[in-house]
Asks: 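Handing you a structure now.
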Amino acid sequence: MIATNAPAQAIAAGRGRRWAIHAAANTWSALQGLLPLIVLLLLWQVLGDPRSPYFPPPSTWAAALIDRTSAGDLAPAVLATFQSVAAALVLATGLGVGIGGLIGASPALERCLGPTLEFLRTLPPPTIVPVAALLIGVNQEMKLSVIVFAALWPVLLNTTSGVRSLHPTLLEVARSLQLGAIAQVTKIFLPALLPSILTGVRVAAPLAIIVSLLAEMLTLMPGLGALLLMAQRNFNAAEVFGLLAVVGSFGFIINAVLAAFESWALMPQGRS
Amino acid sequence: MTTQPSFQCESLCIDLPGAPGVRRIIEDLDLVVRRGEFVSILGGSGTGKTTLLRTLAGLTPYSSGRAAYEGREVRSPVPGMAMVFQDYGHALLMWRTVRRNVALGVEGRLRDAELDNKVQNAIRMVGLDRFKDEYPWRLSGGMQQRVQIARALAMEPSALLMDEPFGALDAMTKASLQDQLLAVQAETGATVLFVTHDIEEAIYLSDTIILLKGSPAHIARRIRVDLPRPRDQIETKELPEYLRLRHQLYEAFRHEIHA
């Protein structure tokens, strides 16, 4: 590594500043996009009947959520779901990049694994839950495996196609500079694949959230999905809508964080 | 030390797989390149210039005969050689600054101070000091190609292999990079193998021009260029010897077109 010095730090600071401007612009356009939703909720609040058993207005949702919070249910549920989603995304990214990279690099491996992977990929994740519950039991490992199973494919497929579309010149540069295998992967291939990998992760994130909630609903393991199902069974419509809003914000925030990370990570490549 | 050649080919044959089957690209080629010599490989498109260079760089295998660098057979990329690709846009790492691109071939093998020194020196030789902390995608094509040349120079190669390095550049940038390359070669004493389809570029730069012809290709001519150095874009190109060589080479190509 080259010793850091003033110009390099200036570059880094410049990158931070440019990224901050970029992020601010993104936030503003995201808020603009939320405008119709906000208008709809306001209308609902104004026009809705607070005693309606089916469509209680937003203020009653808040009350229901506050009840849940004071009962000490909400925060642990959000945390449980978040932990499952985050851990599964990390695992799915690692596995997807590893397997996808190998398949992309080796046509022989693709011929061997291709049909099997294609079969597994088309299995709807909800149908995996009962099988996984039988095989692994109703526990965190089962939940995590099912989410990873669903979130793996976008990362894997994007990595594979990313490897295939690496420019031949880049491969020859790696060879002609006589870098070791590890240096080739870490210095050339992974950074070159970063845009493809991050696209895969962004597609995988909503899938991970969906399957996490689904697993919680089917097994009543702690999490937002279980809370939601219980509220429905108690015919507590205000709480159902309130939890739905929490789930929506949860997904929105995870997606926004990933988008911000993507734009920050790709800034040096001039791709964001 | 004996005057061992830098590169040596004996009855070299190269075959490449193609859609209808294996095709012979180079047949029975003999070549000797002295140390410090500037040799251009000249030929029309599709004659196998690049294939020959890539074989000498250890990137493309050969079928029979022998290709050697400093007396040792070339089967894979060899230390001491550095390759410069035509396609600078894909040969540079766009996520690394100029300085870190130049360091790519030598980092991890040297201590920080020594590395910094070599990288700075290579960047100075191609005149990019002011841009060393910039990203390549913010630079012009000519500057990006200079970054690639600096990356090769940082490895302090005894041989530079260049595949139409100036082919994608405009005439003025090309002329300035040619002069820079000649200055670098004078400073480092490196052997240069230079693939081009530009007759005047070949004459201006070279000590020897190898003219490839035919399919499969063989060496049709070997031309010594006895023009004084240092060369000058205006004066050298007005010398009678330059004009004679230019005439001779265009004549050779005219026959190829008619044939």
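Chain letters run A, B, ... following the sequence lines, proteins first and then strands; every chain starts at 1. Bear in mind that the values here come from a model prediction, so they are computed numbers and not experimental data.
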Asks: Please give me the minimum heavy-atom distance between B:W137 and A:P268, naming the atom from each residue.
Replies: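 Nearest heavy atoms, B:W137 then A:P268: NE1-O, 2.7 Å.
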
Asks: Does a sphere of radius 6.0 Å around CZ in B:R23 hold more than 12 heavy atoms from other residues, nucleotides or ligands, not counting ones at 6.0 Å or beyond?
Replies: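 Incorrect, the count does not exceed 12.
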
Asks: Shortest non-hydrogen contact from B:W95 to A:Q269?
Replies: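 Smallest interatomic distance, heavy atoms only, reads CB-CG, 3.6 Å.
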
Asks: Kindly give the heavy-atom pair with the smallest separation between B:R151 and A:V173, and that separation in Å.
Replies: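 Closest pair (atom of B:R151, atom of A:V173, distance): NH2-CG1, 3.4 Å.
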
Asks: Chain A: which of B:R54, B:Q148, B:M81 shares the most heavy-atom pairs with it under 4.5 Å?
Replies: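 Of the candidates given, the most pairs with chain A belong to B:R54.
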
Asks: Is the number of heavy atoms from other residues, nucleotides or ligands under 6.0 Å of A:L37 CG greater than 12?
Replies: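 Buried by this count: over 12 neighbours within 6.0 Å.
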
Asks: So for B:P79, is it side chain, backbone, both, or neither that comes closer than 4.5 Å to the heavy atoms of chain A?
Replies: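 It is both, since atoms from each part get that close.
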
Asks: Highest number of heavy-atom pairs under 4.5 Å with chain A: which of B:R111, B:M155, B:R109, B:Q86?
Replies: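 Most pairs with chain A among the choices: B:R109.
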
Asks: For residues B:M83 and A:E172, determine if any side-chain heavy atom of one lies less than 4.5 Å from a side-chain heavy atom of the other.
Replies: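 Counting from C-beta outward, B:M83 and A:E172 never come under 4.5 Å.
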
Asks: Among residues 55-65 of chain B, which residues come closer than 4.5 Å to chain A, judged by heavy atom distances?
Replies: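 If one takes a 4.5 Å heavy-atom cut-off, the residues of residues 55-65 of chain B near chain A are B:G58, B:L59.
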
Asks: Heavy-atom distance under 4.5 Å to chain B: side chain of A:I188, backbone, both or neither?
Replies: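 Both parts, heavy atoms under 4.5 Å.
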
Asks: Tell me, for B:V78 versus chain A, whether the close heavy atoms (under 4.5 Å) come from the side chain, the backbone, both or neither.
Replies: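 For B:V78, backbone heavy atoms alone lie under 4.5 Å from chain A.
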
Asks: With a 4.5 angstrom heavy-atom cut-off, could you sort out which part of B:L161 is near chain A: side chain, backbone, both or neither?
Replies: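 When you check distances to chain A, no heavy atom of B:L161 falls under 4.5 Å.
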
Asks: Locate the shortest heavy-atom distance separating B:G105 from A:L177; write the atom from each residue and the value.
Replies: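 Smallest interatomic distance, heavy atoms only, reads CA-CD2, 4.1 Å.
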
